[in-house]
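Reading through the structure tokens given below for one structure.
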Protein chains: 2
Amino acid sequence: MRREPAADLGQASNPTDAEALLRDYGCRATRSRVAVLEALLSHDGPIGAAELTELAQAREPSIHEATVYRTIGVLSELGLVNHVHAGHGPSLVRLATNNDLVAVCQDCGKIADVPAAAVAPLIDAVKEDSGFVLEPGHFALEAVCATCLKLR
Amino acid sequence: MRREPAADLGQASNPTDAEALLRDYGCRATRSRVAVLEALLSHDGPIGAAELTELAQAREPSIHEATVYRTIGVLSELGLVNHVHAGHGPSLVRLATNNDLVAVCQDCGKIADVPAAAVAPLIDAVKEDSGFVLEPGHFALEAVCATCLKLR
DNA sequence: ACAGTTTTGCGACCAGCTCGCAAGTAGCGA
DNA sequence: TCGCTACTTGCGAGCTGGTCGCAAAACTGT
């Protein structure tokens, strides 16, 4: 399913790039998909499906929630996007431009990026120990941010 | 809310211990709670709420799903139990006797224990980096087990 | 512009979990 | 041992996040 990207995912943020990107990855560039991808490209960091739907609807009002979920699915199969499970809340979506982890504050929902390098030792330890290979892009680290920690 | 435990949580697995444990922690030892805690004590490792409900119902048939969830809530407030969020599936419950992490295979659901020590460097790195304090008992590490890896 | 296929919008549906309320029960004091 | 009171429970309804099937619409290659 995955093809080689011809465009630079990291830079693409103007309207036409989303369309080109979809085509480069060999999938149909429909209005809905372009709207979702544009929304994603124009947003910084991980985003919930609900918020992403709102952003996409700002560009293409008729777009349906189910379509957004399906689009996330195809983008994810293409390797353009990761979906990150964040505790009991809704899961997050983000561009697959890096393989950093995400830490989520349990109290306020604030998000921090955790460099992939910090997780490497854990990945090795787990593989050694149990043979399990971690998928670090797919889960969030539940945490408490400094601000919320003081309020506890 | 949390009190000092008078009994040894690690060993308690006969019927009367669950009741004593509840009282030691200063909460009412109702039939339902005793059944849930017994089920938990007699089970090895993390368990889903649905399965826990079945086990509890084997001891106390009239027990209701909602009660199990509420009981998990109180045991968790008492510090007897952790609830672990595992990807998109149902969350898991386990005795708070250790602070190891749980790794879950995304393909078959198999569970592996990850010693707390393996996560310590990551905890430090995240705290240093972003000020976030991880809550390692509350999230599962999504992974693929050795067997499923071969089948991919 | 057309045909063939993919994708969409829509509403119904599902799982996991929570809530409000009336009835039931545990635990305390007498 | 008996009552009283407050805490718990069972029950069903309800909520959230996410998925599905289907007919209609849209996209792409020719």
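Within every chain, numbering begins at 1; the chains are lettered A, B, ... in the order of the sequence lines, protein sequences first and strands thereafter.
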Inset, instruction - Please name the pair of heavy atoms, one in I63(A) and one in A35(A), separated by the smallest distance, quoted to 0.1 Å. - result: CD1-CB, 4.4 Å

Inset, instruction - Could you tell me the separation between the CD atom of E65(A) and the P atom of dG9(C), rounded to a whole number of Å? - result: 12 Å

Inset, instruction - Provide, to the nearest angstrom, the distance between the CZ atom belonging to R23(B) and the C1' atom belonging to dC7(D). - result: 14 Å

Inset, instruction - Verify the contact: side-chain N or O of S62(B) to OP1 or OP2 of dT9(D), cut-off strictly under 4.0 Å; return yes or no. - result: no

Inset, instruction - Identify which nucleotide among dG16(C), dC22(D), dG10(D) has an atom closest to any side-chain atom of R70(A), counting heavy atoms from C-beta outward. - result: dC22(D)

Inset, instruction - Ignoring backbone atoms, establish whether Y69(A) has a side-chain N or O less than 4.0 Å from OP1 or OP2 of dG18(D). - result: yes

Inset, instruction - Please report the closest heavy-atom contact between N82(B) and G137(B), naming both atoms and the distance. - result: CB-O, 4.2 Å

Inset, instruction - Nearest whole angstrom, please: distance from the P of dA26(D) to the CG of L22(A). - result: 18 Å

Inset, instruction - Measure the acute angle between the ring planes of H85(B) and H88(A), then classify it against the limits of 30° and 60° as parallel, tilted or perpendicular. - result: perpendicular

Inset, instruction - Would you indicate, yes or no, if dT8(C) has its OP1 or OP2 atom less than 4.0 angstrom from a side-chain nitrogen or oxygen of R31(A)? - result: no

Inset, instruction - Let me know, please, whether A29(B) or H64(B) comes out on the 5' side of the other along DNA chain C by nearest nucleotide. - result: H64(B)

Inset, instruction - Take atom CZ of R28(B) and atom C1' of dG24(C), then tell me their distance rounded to the nearest Å. - result: 11 Å

Legend entry - V74(A)-Y25(A) co-clustered via ILVMFWY side chain contacts under 4.5 Å: yes

Legend entry - Phosphate contact (dG16(C) OP1 or OP2) by S91(B) side-chain N/O below 4.0 Å: no

Legend entry - Integer-rounded Å distance: dT18(C) P and H88(A) NE2: 9 Å

Legend entry - Length of the line joining I63(A):CD1 and dC10(C):C1', which is rounded to integer Å: 14 Å

Legend entry - Cluster link L134(B) to V126(A), ILVMFWY, side chain under 4.5 Å: yes

Legend entry - Spacing of R33(B) atom CZ relative to dT25(C) atom C1', expressed in whole Å: 11 Å

Legend entry - Distance test, side-chain N/O of S32(A) to OP1/OP2 of dG9(C), below 4.0 Å: yes

Legend entry - Nearest-nucleotide 5' precedence on DNA chain C, A50(B) against T71(A): T71(A)

Inset, instruction - Establish, with yes or no, whether the OP1 or OP2 oxygen of dG9(C) is under 4.0 angstrom from a side-chain nitrogen or oxygen of T67(A). - result: yes

Inset, instruction - Check the distance between dT18(C)'s C1' and I72(B)'s CD1 and give it to me in whole angstrom. - result: 13 Å

